[in-house]
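This report refers to the structure that appears directly beneath it.
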Amino acid sequence: MKHNISVFQFALIIANTLITSALITLPQIMTQLSEQNTWLVPLITYPLFLLILFLCFHGDINLTRENPKSRLNKLFTVTIGIFLLTSYLRDLRAFIDYISSYLLPNTPIEVISIVLSLTLLYISASGLEVIARITVIQFVVLAVLILILPILTVNEIDITNVAPIINQDEMFNMMKSSFIFFPWMGEAFIALYLAGFIGKKKDLNRGAMLGVSLGFLLFFVLTFTNIAVLGEQIVSDATYPNIIMIQEINITDFLDRIDLIIVIIWMPTLLSKLALTLYCIHKTLFQLKGKGSSQLLSPLSLFLGILAIVLFETNIQHLEYSFYTWTTVGILLEMIILILFVVMKIMRHVKEKKRIIVLNHIKALSLMQGRSFLKLNFFRFFENSF
C-alpha cells in the first residue's frame, strides 16, 4: 500500500527521528568525552553524513519493494528490522525512565510502559499518513523553540565556555565523541526503508537532505547552548542537562517552571518517533511473511513494552546499553544496511542495462527483417509492457 506524504512531511519525519531521542542524554555522554569542543562534533560529521545520504538517494530508491521475495531484499529487511528494534527498545526505556524520574516518580515503571505501549499502538495503527501529520504539527513547534533557545538564555551565556581547544588529545577525544554521535544520526537511514511505502517519490532526495540538515542544526544549537550556559562540567555530570539549561530561562518573576511547558511540547514528538519505529518494525515482519495485517501490531506493541522493562533492570543498565552496546551494534547494522542498499542499486542498474540492450537488439532485428506496420505496433506494445 502506497501512502501520500509530501516532501515537507518526509523531511520533518527524518529530522524528528534524529533529534527527539538524542536530546535526552546524548549531549551529556558526548561532553564527557570532548568537553567544550562537543558543539564542533555535528559540524565535523555533517558533511560526511550528507554525502552518504546523497549517494544513497541518487537515482532510483524504490528497491525494497521491487522484489520482496529475493534473498537480498529479505536480508535487507531483516537487518533494518533488527536495527529498528534495538533503537525502539532504547528510546522507549529512556522515555519510561524520564517520566518515572521527573513526572510520575510514584508510578511503577510497568504501568508507565503499558500506558505508553497502548498509546503507541493507537498511533501506529492509524497509519503512516497520520503519523506524518502528528509529527509535523508537534515538531514545528519544537524546532522553533530549540532555535530560539540562545535568545531566551542570552543573559546566561558565557562565551568562554564554548571556546574551542584544539590539540592532538582534543582531536582524538572529538573522534571518540563522533563515533558515539554517528550511529544516533544514522537513524535517518530509516528513510531508505520508508521510501518504498511512499507513492509520490519526486524530490524525496531533497526531503531527506532537508531533514538531515535540520536535525543536525537543531542538535548543534542545543549542544552549543547547553555548554555555553552551564559549562562542560555541569553538562557532563547532569543526567538531563537540557532540563537544567531550560530552567535557566527567566522570562518573568512568576513564570519559573517554563521547563514543564517545553517538556509538554517535546513529549509528543518522541511519541511520534516511537510510533513510526513501531510501524516500520511491524511492516518488516509482514514484508518477510508476504502478507499485510494489523492483527500482530497489538501483541507486538505490548511485548516490546514489557521487553523494555525486563531487559534493563535499572537506569544504569539502560545507559550502558545506549552508549556502549548500542553504539557499536548500531554502527555495524548501519554499515550493513548501506552495503546491502548499494548492492541492490548496482544489481538494479545492471538489470536495467541488460533490459535496454535486449530491447535495442530486438529493434535492430525487426528493422533488418522489414516487418509490417502491424508487427511494429505489436512490438511497441510489447516494449511498453516490458
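Quick note: residue numbers are just sequence positions, from 1.
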Donor-acceptor pair between T86 and W326 side chains, under 3.5 angstrom: yes
Heavy-atom side-chain contact between I157 and V162 under 4.5 Å: no
Closest contact, heavy atoms only, C280 versus L194: SG-CD2, 3.6 Å
OG1-CD1 distance between T327 and I331, expressed to the nearest 0.5 angstrom: 8.5 Å
S301 to L121 - nearest heavy-atom pair and separation: OG-CB, 3.8 Å
ILVMFWY cluster, L50 and L48 together (side-chain gap under 4.5 Å): yes
Test item: V235 and V229 side chains (from C-beta on) under 4.5 Å apart, heavy atoms: no
Cluster overlap L51 with I339, hydrophobic side-chain contacts below 4.5 Å: yes
S272 and N16: CA distance, side-chain angles, deciding distance, side chain to side chain contact (heavy atoms under 4.5 Å, CB included) verdict: CA-CA 8 Å; S272 298; N16 186 70; 4.1 Å; yes
Neighbour count above 12 (heavy atom, 6.0 Å) for F303 CZ: no
Closest non-hydrogen atom pair, E334 against P183: OE2-O, 2.6 Å
Side chain to side chain contact (heavy atoms under 4.5 Å, CB included) assessment of V263 paired with Y102: CA-CA 10 Å; V263 166; Y102 279 86; over 6 Å; no
Single-linkage hydrophobic cluster F341~F54, side-chain heavy atoms < 4.5 angstrom: yes
Aromatic contact, W266 with F95 (centres under 6.0 Å): yes
Rounded distance [0.5 Å steps], CG in L92 versus CG in L307: 9.5 Å
Parallel, tilted or perpendicular, as decided by the 30° and 60° cut-offs, for the rings of F76 and Y193: tilted
From I96 atom CD1 to L104 atom CG, the distance as rounded to the nearest 0.5 Å: 12.0 Å
Derivation and outcome, side chain to side chain contact (heavy atoms under 4.5 Å, CB included), residues F83 and E187: CA-CA 9 Å; F83 175 72; E187 291 185 76; 4.0 Å; yes
Candidate pair T135 and T269, rule side chain to side chain contact (heavy atoms under 4.5 Å, CB included), full reasoning: CA-CA 6 Å; T135 302; T269 60; over 6 Å; no
Straight-line distance of R93 CZ to L319 CG, nearest 0.5 Å: 9.5 Å
Exam field: side chain N167 to backbone E170, donor-acceptor pair closer than 3.5 Å: yes
F181-F216 aromatic ring centre distance below 6.0 Å: yes
Approximate separation, where rounding is to 0.5 Å, of T20 OG1 and M267 CE: 12.5 Å
Validation row: M174, I166 side chains within 4.5 angstrom (heavy atoms): yes
Parallel, tilted or perpendicular: ring planes of Y321 versus H318, cut at 30 and 60 degrees: tilted
Over all atoms of both residues, closest heavy-atom pair of S124 and L278: OG-CD2, 3.5 Å
Shortest non-hydrogen contact between Y46 and S213, atoms and distance: OH-OG, 2.6 Å
Test item: L214 and I19 side chains (from C-beta on) under 4.5 Å apart, heavy atoms: no
Passing candidate, side-chain contact (heavy atoms from CB on, under 4.5 Å) with I24, options L270, D97, D91, I243: L270
Donor-acceptor pair between N226 and N242 side chains, under 3.5 angstrom: yes
Check: N161 side chain, L230 main-chain N or O, donor-acceptor pair, under 3.5 Å: no
4.5 Å side-chain heavy-atom contact, L333 and I82: yes
With W184, the ring-ring contact (aromatic ring centres under 6.0 Å, His included) member among F189, F323, F219: F323
Closest contact, heavy atoms only, S113 versus G305: OG-O, 2.7 Å
Beyond-backbone contact of Q28 with Y240, side-chain heavy atoms, under 4.5 angstrom: no
Pair S34, K176: side-chain N/O donor-acceptor within cut-off below 3.5 Å: no
Residue pair T223 / L26, side-chain heavy-atom distance below 4.5 Å: no
Check: Q32 side chain, S236 main-chain N or O, donor-acceptor pair, under 3.5 Å: yes
Cluster overlap L43 with F49, hydrophobic side-chain contacts below 4.5 Å: yes
Straight-line distance of L276 CG to I123 CD1, nearest 0.5 Å: 11.0 Å
Under the side chain to side chain contact (heavy atoms under 4.5 Å, CB included) test, residues paired with A132 that sit two or more places apart: I5, Q9, I13
Hphob cluster co-occupancy, M175 + M335, side-chain heavy atoms under 4.5 angstrom: no
Side-chain touch T45/M185, heavy atoms, less than 4.5 angstrom: no
